[in-house]
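What's counted below: heavy atoms across the whole structure, side chains too, no hydrogens, waters or symmetry copies. Model, not experiment: these values are computed from the prediction.
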Amino acid sequence: MLVSLHVKNLALIQETEVFFGTGLNILTGETGAGKSVILGSVALALGAKADRDMIRTGAEYALIELNFEVSQEIRKKLEEMEIPVEDDLVVLQRRVMPARSICRVNGETVNAKTLRELAGLLIDIHGQHDSQVLLQTKRHLEILDGYAQGAVAEKKEAVKKAWQRYNALERELAENELDEASRKRELSLAQYELEEIEDAALQAGEDEQLEKDYRRMVNGRRIAESLGQVYSLTGYDGQEGAGESIGRAVRELSGILSFDEELENFYRQLNEVDELLNDFNRGISDYLNDFEFDEETFKNAEERLNIINRLKDKYGRTIEEILAYADRRRSEVDRLLNQDAWVLEKRKQLSEAEKTMLALAEELSGLRKDAAEQFREDMQAALQDLNFLHVEFCVSLTRKERCSAEGLDDAVFMISTNPGEPVKPLASIASGGELSRIMLALKTITAKQEPIGTFIFDEIDAGISGKTAWKVSEKLGLLSRTHQIICITHLPQIAAMADHHFYIEKNAVDATTATTISKLSYEESLQELARLSGAVQITENVLANAREMKELAEKNK
């Protein structure tokens, strides 16, 4: 769940921190106080697009920090994403600056994409316009499959793999069914390229050794001159060689060893230097003796490198890639020489792949049909709980002309909210307030399958009032038994259900405007319920009504 939110220099927020609790967290306040900014900051911390205009006027940056307490299931998924988790806590931080933003998870810098992936694991944010997804018919099948999960998810994955197999075979056939003239051209080119590569008799890794030898031979004169100088400077011939000087020093030390035993250590060290230098000097001499090549060796290496580099330009960046290309061309030559038999075999494979795909798709359709009936029952019950008194809901499954990665089915949600009226596509008849309730019903019945611990609802009460508001309140209370809910509302019926009530207000501070958030006590919550009820003055009767609303909410939790 979301433990705390810390916001600094974001829009009208100078700096504020709020600690959320389990159950239902309600946020209320006057219109324009900045309630949506508070929840918008959560979205920002989870990777939403950041704008420099979000930074508070006069500030250099905006900072948002979220602290989550995660379950073992979520912890496992985070570790699979290579995100370290200690003590089941995840700290997300985003610093928004005019030119860029920096995102961190548990102190480690990550990109916005990773934050968005995390959002899908930690929190579900339902904004004022998210109910519009219900108007997108193409999303209905996705919603149904998400509700079903289990066997449907497994069969859907099997259908997807079968479709990919069928699609690949179909594409391969389409690309390679050639007329005779095209076949001959392709065969001629493939044979030429294969022969060119085979004639080169390439060996893996030979280019690296050739380049090394060629570089050494090209710089042979400089190598020989420099090593000759090194040999002379470190040698034992002549007065200038380091070997001769160190040899004399060794002899000088050996002549005075008997006078002081402490000189033994100096002598041993210098003697080791003498031996090392002697070995080094002999090594240089041996290298120079072997460092000989003739012009023919150099020419052969140069020609061989030219052949290899020409093949690299045409067939691959490395010898391994060239040889792999040759293998592919060899297969293509074989196919083109036996085109009729190849096409016959591929058509047979395509037919078998289609049968497998369609059989799996039919099984998936059967599972979806069963899931759609259970989904209908759950949705209808949930909608009735939300004051749809005469609601009729169902899922219309239709068959597509051609199987896709999703199978053979299309789904459309159908609904009737008036007795005697036939069900019609949800997108054509639902109002804004009805969409909000339908989405809440959907969240309620799918929550048990969600690993996400926190749901955020931004003004789920849009377009509702009265008894319907109480029903929505009760449904939020029910959902908060198993999940942490954070909800912005203007309705006292919903606010009364709060386990934790927060008030957001906008004040003038030091000649500027600032939004703050504070947790309300029980008495302060009653005052806020009275204000939300629309009372001009907060009288004892109004407070008594607010207290009654709280008591009624407690009974319905």
Side-chain angles (χ1 to χ4, degrees), residues 2-21 25-68 91-104 112 115-116 119 123 125-130 454-462 485-492 494-495 498 500-521 524-525 527-532 534:
L2 178 59
V3 177
S4 67
L5 164 67
H6 177 215
V7 184
K8 183 177 181 180
N9 299 332
L10 183 70
L12 293 178
I13 300 173
Q14 188 170 16
E15 185 166 15
T16 191
E17 187 169 22
V18 56
F19 291 86
F20 297 107
N25 296 262
I26 292 293
L27 280 65
T28 61
E30 293 283 2
T31 300
K35 297 184 294 298
S36 294
V37 173
I38 293 289
L39 295 191
S41 66
V42 175
L44 270 178
L46 291 166
K49 185 178 179 182
D51 192 316
R52 63 164 55 183
D53 294 337
M54 297 174 176
I55 302 173
R56 182 175 170 84
T57 302
E60 296 180 359
Y61 65 89
L63 178 70
I64 310 101
E65 183 175 286
L66 304 179
N67 284 266
F68 284 93
V91 180
L92 277 64
Q93 187 185 82
R94 188 171 187 187
R95 183 184 292 260
V96 180
M97 294 172 286
R100 63 193 182 105
S101 62
I102 300 173
C103 310
R104 289 191 176 91
L115 279 186
R116 287 191 289 271
I123 200 166
I125 302 177
H126 178 75
Q128 298 179 45
H129 305 293
D130 288 347
T454 300
F455 288 86
I456 291 181
F457 293 101
D458 186 3
E459 300 192 17
I460 193 70
D461 53 16
I485 308 297
I486 300 172
C487 179
I488 285 180
T489 185
H490 294 287
L491 296 180
I494 294 176
H500 312 277
H501 192 168
F502 300 89
Y503 183 66
I504 301 171
E505 62 181 332
K506 185 166 60 176
N507 295 305
V509 179
D510 297 330
T512 64
T513 303
T515 292
T516 59
I517 180 170
S518 57
K519 187 173 183 178
L520 301 181
S521 66
E524 289 170 334
S525 181
Q527 292 278 341
E528 176 62 1
L529 290 181
R531 185 191 69 79
L532 291 172

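Note that CG of Leu27 and CD1 of Ile488 are 5.5 Å apart. Values are rounded to the nearest 0.5 Å. Separating the CG atom in Asn9 from the CE atom in Met97 is a distance of 13.0 Å, to the nearest 0.5 Å. To the nearest 0.5 Å, atoms CE (Met54) and CG (Leu44) are separated by 4.5 Å. Note that the NZ atom of Lys519 and the CZ atom of Phe19 stand 11.0 Å from one another [nearest 0.5 Å]. Rounding to the nearest 0.5 Å places CZ of Arg94 at 11.5 Å from OG of Ser41. Considering CD1 of Ile517 and CD of Glu505, their distance stands at 10.5 Å, rounded to 0.5 Å.
Applying the side chain to side chain donor-acceptor pair (under 3.5 Å) rule to Thr57 yields no partners; only residues at least two apart in sequence or on another chain are considered. Partners of Arg531 by salt bridge (Lys or Arg N to Asp or Glu O under 4.0 Å), not counting sequence neighbours, listed by chain and number: Glu30, Glu528. Checked against side chain to side chain donor-acceptor pair (under 3.5 Å), Glu15 has the following partners two or more places apart in sequence or in another chain: His6. For Ala62, the side chain to side chain contact (heavy atoms under 4.5 Å, CB included) partners are Leu10, Ile55, Val96, not counting sequence neighbours. Take Tyr503 and apply the ring-ring contact (aromatic ring centres under 6.0 Å, His included) test, not counting sequence neighbours, and it matches no residue. In this view, Gln93 and Leu63, Glu65, Arg104 satisfy the side chain to side chain contact (heavy atoms under 4.5 Å, CB included) rule, not counting sequence neighbours. When the side chain to side chain contact (heavy atoms under 4.5 Å, CB included) test is applied to Ala43, the partners found at least two apart in sequence or on another chain are Ala48, Ile125. Every residue meeting the side chain to side chain donor-acceptor pair (under 3.5 Å) condition with Asn67, not counting sequence neighbours, appears here in chain and number order: Ser4. Partners of Thr16 by side chain to side chain donor-acceptor pair (under 3.5 Å), not counting sequence neighbours: none found.
Put simply, the side chain of Thr28 reaches to within 4.5 Å of the side chain of His501, judged on heavy atoms. Between Phe502 and Ile486, every side-chain heavy-atom pair lies at or beyond the 4.5 Å cut-off. A heavy-atom distance below 4.5 Å is not found between the side chains of Ile26 and Ile485.
Contact detail for Ile494 and Cys487: the closest heavy-atom pair is CG2-SG, 4.4 Å. Of all heavy-atom pairs spanning Ala45 and Leu92, the tightest one is O-CD2, 4.0 Å. Residues Ile13 and Arg56 approach most closely at O-CD, 3.7 Å, considering heavy atoms. The nearest pair of heavy atoms linking Pro492 to Leu529 is O-CD2, 3.5 Å.
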